[in-house]
Amino acid sequence: MSHSERRLVILGVAASDSHAVANHLIAHALRGLGFEVENLGTCTPVEEFAQACEQYPDAEAVIIGSLNGHVHEDLRDLPAAREAGRITCPVIVGGNLSVGSKKDPRDLERLKALGVDRILQDPAQLLPALDELRASRTADRQRLPVAS
Amino acid sequence: MSHSERRLVILGVAASDSHAVANHLIAHALRGLGFEVENLGTCTPVEEFAQACEQYPDAEAVIIGSLNGHVHEDLRDLPAAREAGRITCPVIVGGNLSVGSKKDPRDLERLKALGVDRILQDPAQLLPALDELRASRTADRQRLPVAS
Amino acid sequence: MTKISYLPGHSGSPGTDALPPLAESVDYIASLGKPTAARVLMDARDAGRVAIQPRCGVGGHEEMKALLRELENQAAPDILTLTIDSHTRLKRFEQALRSLNRAPADLNGYPLVSHGYLRGREVNESVTAPLEIRHGSPDARILFDVAVASGITSFEGGGISYNLPYSKAVPLAESLAAWNAVDAVCGELAGLGLIVDRELFGTLTAVLVPPSISLAISVLEAVLAARAGVRCISVSYPQSGHLVQDVAALRAIPVLARTYLPPEVDVHAVLHEFMGVFPKKRGNAEDLIFYGALVARLGGASKLITKTYQEAFGIPDTRANVEGLRLADRANSPLLDFVKADEERVADELSWIVDEVADIVEPVLAAPDTMTAVVDAFAAGRLDIPFSASRYAKSEIIPKRDAEGAIRYLSTGSLPFGDRTRRHNSDLLKGADSTGGPVIGSLLTGLTDDINYFPALFREIRKETQEEDAE
Amino acid sequence: MTKISYLPGHSGSPGTDALPPLAESVDYIASLGKPTAARVLMDARDAGRVAIQPRCGVGGHEEMKALLRELENQAAPDILTLTIDSHTRLKRFEQALRSLNRAPADLNGYPLVSHGYLRGREVNESVTAPLEIRHGSPDARILFDVAVASGITSFEGGGISYNLPYSKAVPLAESLAAWNAVDAVCGELAGLGLIVDRELFGTLTAVLVPPSISLAISVLEAVLAARAGVRCISVSYPQSGHLVQDVAALRAIPVLARTYLPPEVDVHAVLHEFMGVFPKKRGNAEDLIFYGALVARLGGASKLITKTYQEAFGIPDTRANVEGLRLADRANSPLLDFVKADEERVADELSWIVDEVADIVEPVLAAPDTMTAVVDAFAAGRLDIPFSASRYAKSEIIPKRDAEGAIRYLSTGSLPFGDRTRRHNSDLLKGADSTGGPVIGSLLTGLTDDINYFPALFREIRKETQEEDAE
Ligand code: B12
Ligand code: B12
C-alpha cells in the first residue's frame, strides 16, 4: 500500500462451511499487505458479518469464502441485511461456488442477485479488486456533492 | 466311441484366419476320442474344404473354426460349393463369429443362411453334435427308402 | 417427489420421538439379509484385501437411490456411503429442508434427518452393500438415531475429530458429551446383538496433518468409545503422500490398539485417500488415486475411502466416482504381490510414530477424567491440530514436509514432546526446501508449497520457493 | 461414403504405380509437422517413460478417423495405430474391397490398400500423434508402399514373425525376400532423411512363447533389417505374465542389440501386453493390463502396446480402448518409483535368456547366407515356434509354465541347445503342476491350463489338472 491510511476488511467463511485453510492463508496474505483483517473464520452466518460491519463501520469490504457449494443458501439473508442497512460496504465472494464438478455460470448470476458485488476466483485478485472498489467509492463520494 | 467303425472329420480354420491354437487343441481332442481328423489348419478357403470332401467322401462333417470375425466373407463360397454338390456332409462352425465385443444374434442367422448346419460355442459340444448329426442322417437314410 | 413439510419426530422440528425402538431396528437390520459393515471389514481383513468405499451423497431421495445403485452395479464397492449435507451436519435442519424442497441439487449431501428414517430404509434396501454415514457433525445424536432406525451399520465421527475441523464455536465438552451418547447407544446395540462400526475421523483438517496428531486423537476417541461400549472401531488415517510414512502410520494402528484398547474391541485401519489439495489433470489425479490404494494395501488397511479425478473441481459425478473405485480396486490385484515397501524404513518410522503418539496421549490418559483432560489439553495446546476450523484448538503446531515429502513438525507448539522427538523432527527437516528470504514470508510460501505438494509434484503449478525453474 | 471401385495402381488390381515417388512422401511427412514414431520413441526413452500405443482399426474411412480422433482426445497415446484387416494382410484385396463396400463393420481392421494412400494421408492428418501400421502380412510390399505414401513412419512385421503366425502356406524364402524389399526401402528412406521405425513382431503366436524363441527370432530379423538399411528397430516382446522373466527379457533386448547389431541402429524394447487368453471379468482384465504396463516400466521398455478389458470378447469399442490406454499410463506415474523387481533374480534370468538366444541364433548367423540358413533351420526344427499357423515351422517345441508361472521348455524339440540349457529347463519344471495320469492326456490338460493361465489365476475357470479344489 502506497498510503499510510488504515484499511480494514472483514473476512470469513459462509455459514455452513468449515473449510479453514484458504481462510487462514488469505488472512495472512492480506495482513502481509498491510490490511487489518477482522477474521470471523469458518461457519459465519450473515448475521455475524452484519454485526461485524456495525462494529467496524470503516471496513472497506466484507470478504466471504465458500468452498462447500452451499453459498446460495448460506447467503440467503444477505439481501435483508443490505436492505436493513446493516451491510453497506461491498461484498466480495470467492471459492467453489456451486455443488458439483461442472460449473454453470447461472450459479454466479444467482449470487449477484443476492447482492454480491464481486466474485473472484483467485485470492491474488483481492488486492486489485479492493483498490478498485475503494477508488470508485471515493469517486462516488466526490462526485455526489457536485451532482447534488 | 462305443463302436469300431471309422469316423472321419475334416477340420480347418476359415480362409482369412490364422488363429491356430484352438485348431491344434480341437484336433488333439477329437483324435483322443477316436476320430480320424483331416486337419487343413489355418487360412483354409472353402475351395480347400471342398477338395478335402471330394478326397474323403465318408467324412461325417466339415468343422470350421473362425476367430477373427471374418467368418461371413470367408464362407461366402459355401452356398456355391453346396449347390455344386462338392460339400454334402454337415458343416459345423465355431469360434468368435463376428467383429466386435458385443455380439448380435443376427450374425449367426447370416451364417445359417450361408448353409452352416450347426453353430457351436464350446469344443466340448462337438462330440454330442457329431453323434446327433450322424444319428439323424442314419435315420434319414433309413427312412428315405420307406417313404419313396 | 413429494415435498417434505415435516421433520421426523414432533411436528415442525427435528427429533427422534417418532423413531422405532432400538430392538425393532436391530430386527429390521437382521431382516435385510445384508452383512453389517463390521462383518465386511472383518472378511476383508481375513481375505487380505482392502475393502473399497466411495464418498457419495446427493440431496434428492430418488437421486440418492439411483446414485447408490449405479455405483453398486458398476463398481461393486464393499461398503457404500451416505454423505450428509453440511447444513444437517451443523443441525441447520431448517436450511437443509429448505434446500431440499427448493433445489435439492444445491445440497452437498443427503439430508437424512430431513428425509426421515423411512426413506433411509428405502435407500438402504436399494443396494446389497452395507451403508456408512459420513458427515462431520459436532453433535450427531439426532442423525445417529435416524441412521440406526434406517438400518445403517456404520457411523463416522468423534467428539474431537468431528468438531474441530467442522465447526467454529462448539465447545469440545459439548461435542465429547454428544458423541459419548452416540457411543453409549452403540454399546446398547451391541447388547442387542448388533455391532455398529464406528469410524473415527483421523483425517481431521486433512491438510498437512502429522501422523502422530491424527493417530493420537484417534486413540483418545477410541478409548472413550470403547469405554462407552463400542465394539468395532475403524481408525482412519489420511494419506500424507509419503509412502513409508503412510505405511508405517497404518501399521501403527494395530500396535496402538494393543497398547491402549481392550482386546474385545475389533480395530480396523482405514486409509482415506489423499485428502488435501488434489492435482487437477485427470491422469495426475488418477496416479494419486492408485497410489493411495497401493499404500492402503501395503499398510494392511481393512478399508480404503476413495477419491475421484474430479476432486479438485467439486463433488464428482457418478461416472467419475465409479472410475475412482475401479481404479483403486486394481491395487487389490493378486498380480501386485511383488510390490513391497522398504520394511526397514517402515519399522523405523513406525517406532517414531508410536513414540510421538505416546508422548501426546499418555498425559491425557493419566488424568482422572479423560474428557475433561482432552478439553483442558486443547485449551493449553498440549493437544492441537493444524488449520483448525474451530476456536477450541490453538493451531500452534506448524507442519512441514521434509525433503522427501513426509510431514514433520516445523514447530511442535505446546505438544508435550520430549527432546528426543523434537530433535528428530528438526533433524528430518534439515534437507527440506526453504528460501533464504525473511522468516515469516518464507514460512508462508513454504507452507503453500507443502499444501500444493501434489499439484507441484506433477508440475501443474510452480513451487513458490523455486523462483528459477531447474529445467 | 462413396464406394471404392478401384484399387490404387493400375485399374482393377492392386499395385503401387499410382503412388508418389519416395522423395515426395518424405517431403509430405516433413510438412505434416508431427514427430516421426522414431523420434517419439527416442524422447520417451530419454524421459524414462514408456510410450503408450493402442491397437485400433475399423473398416470404414470416416469411422477410422473418428476412432483415432477420439482415442487421441480422450487418452492422448504417444503413437496411434492403423490395424489392418486380415484380408489385406493376406493380399486378399478383392475380399477386403468387397467387405468394405458391403459391410465395412465386418472388417477387423482398416483396409488401407483398398482405401488408397490419399485416404491414408487424410487419416494421418486427422491426429497429431504419428501412426504405425500393425498387420500380419507375410508379404507386405504393397501395403508398405501405400503406408509410406500415406506418410506413416512406423511399420510392424518381419519375414519370420509375420509369416509363421499369420499364414499357412507361404514359404519362408518368399516372406523373407518380401520383407527384405521393405527393409531396403527403409534404407533408401533413411538416405532421404526419413527414419522409419520398424517394429518386429516378437509376439509370434502369442500363446506360451518362450522368451528366448521370441528374442532369437527378433535378433535374426533385426540383423537382416539392419543389413538392408533399417536404422530404427523396435524389438517387441510378449508379456509372459511372470514378472522376473518379463523384466529380464525386456532388459535383454539392449544387451542383444549390442552383441548382434551395428551401433548405428537405434534399438527399442517394446512390450506387448499379455497376448494370450485374457480373463473375461473386467476387473481381472484390468489387473492384467496394469500389471503389463508396470512390467514395461520395470523392464525399461520404450513403448507399450495396450490391451482392453474387452480382449476376451472381440475387437474393443472406443471407450474400452480409451480406458485401457489410461489405465496403462498410470504405470508411468512418478509416484511408483519405489516399485522394484527383484534385481538379483532378474540378472540371473537375463543371463540364461541371453545364453539361450545365443545357442539358437549363433549357428544361423555363422552360415554364409542368413536367409537361407533361416529357411533351413526352420525346416530342420533348429528354429521353431509353438502353435505355428504355418506349415513352415515344425512346432515341435513344447512350452510349459513352471511352478511360478514362467514359461519354460518342456521339450526343446530340435533347438540347438546345450546340455546346460536343457538341464536348467527341466530343473525349473520340477515343481510344476502335473497330474499322475497318462503322459499324453496330462500333457494336453497341462497345456490347456497353461494357455488359460490368467483366467485360472483369477479363478474364472477351474484348472483341469486340479480336479479337487483345495478350498
Ligand atoms: C481439505 C478439504 C477439506 C477439509 C477441510 C478442513 C478444514 N477445516 O479446513 C475437510 C476434510 C474437513 C473437508 C470437509 C468437507 N469438504 Co472439503 N475439501 C478439501 C479439499 C481437499 C482441499 C481444500 C483446501 O484446503 N484447499 C487449499 C486452499 C488453500 O485452497 P481452496 O480451499 O481450494 O481455495 C482456493 C480457491 O477456492 C480460492 N478461494 C478459497 N476461498 C476464497 C475466498 C475468496 C474471497 C477468494 C477470492 C478466493 C478463495 O483460493 C484458494 C487457492 O486457490 C477440497 C478439494 C481440493 N481442492 O482438492 C475439498 C472440497 C472443497 N470439499 C468439498 C466438500 C463438499 C466438503 C464437505 C461438505 C463434505 C462433502 N459433502 O463432501 C465437508 C465440509 C463440511 C462443511 N461443513 O463445510 C468439496 C466442495 C464441492 C463442491 N463445491 O462441489 C471439495 C471441492 C471436494 C470435492 N471434490 O467434493 N474438506
Ligand atoms: C492368441 C491370439 C492371436 C495370435 C494367434 C496366433 C496363432 N497363430 O494362433 C495372434 C497374435 C497371431 C493373433 C492375431 C490376430 N488376432 Co487374435 N487373438 C488371440 C487371443 C489373445 C487368444 C486366442 C487363443 O489362442 N485362444 C486360445 C484358444 C484355445 O481359444 P480360442 O481361440 O479363444 O477359441 C475358443 C472358442 O472360440 C472355441 N473355438 C475356437 N475355434 C472353434 C471351432 C469350433 C468348431 C468350435 C466348436 C469352437 C471353437 O473354443 C476355444 C476354447 O474355448 C484372442 C483373444 C482372447 N481370447 O483372449 C485374440 C482374438 C481372437 N484375435 C482377434 C483378432 C481380430 C486378431 C487379428 C485379426 C488382428 C486384429 N485385427 O486385431 C489377427 C489375426 C490375423 C488373421 N489373419 O486372422 C480378435 C477377434 C476379434 C473379433 N472376432 O471381434 C480377438 C478376440 C482379440 C480381440 N479382442 O480383438 N491373435
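Labels below follow one simple rule: chain letters A, B, ... track the order of the sequence lines, proteins then strands, and each chain is numbered from 1. These figures come from a predicted structure and were not determined experimentally.
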I need the residue from C:V244, C:L457, C:L243 with the largest number of non-hydrogen atom pairs under 4.5 Å to chain D. C:L243

By residue number, those in residues 314-323 of chain D with heavy atoms under 4.5 Å from heavy atoms of chain C are D:R319, D:E323

Are the side chains of D:F338 and C:L294 in contact, using a 4.5 Å heavy-atom criterion? yes

Ion pair check, C:E349 and C:R345, cut-off under 4.0 Å: no

Does this structure show an ion pair linking C:K430 with C:D427, if we count only N-O contacts that are shorter than 4.0 Å? yes

Against chain D, label C:I289 side chain, backbone, both or neither, depending on which of its atoms sit under 4.5 Å from a heavy atom there. neither

Shortest non-hydrogen contact from D:S212 to D:I353? CB-O, 4.3 Å

Is the ring pair C:F290/D:F290 parallel, tilted or perpendicular, if the boundaries are 30 and 60 degrees? tilted

Examine the side chains of C:S240 and C:Q245 and answer whether a donor and an acceptor come within less than 3.5 Å of each other. yes

Once rounded to the nearest 0.5 Å, what's the spacing between atom CZ of C:F274 and atom CG of D:L335? 10.5 Å

Short N-O contact, D:D402 and D:R408, less than 4.0 angstrom: yes

If you tally heavy-atom pairs under 4.5 Å against chain C, which of D:S333, D:P334, D:A75 wins? D:S333

If you tally heavy-atom pairs under 4.5 Å between each of D:V339, D:D287, D:D329 and chain C, the highest tally belongs to D:D287

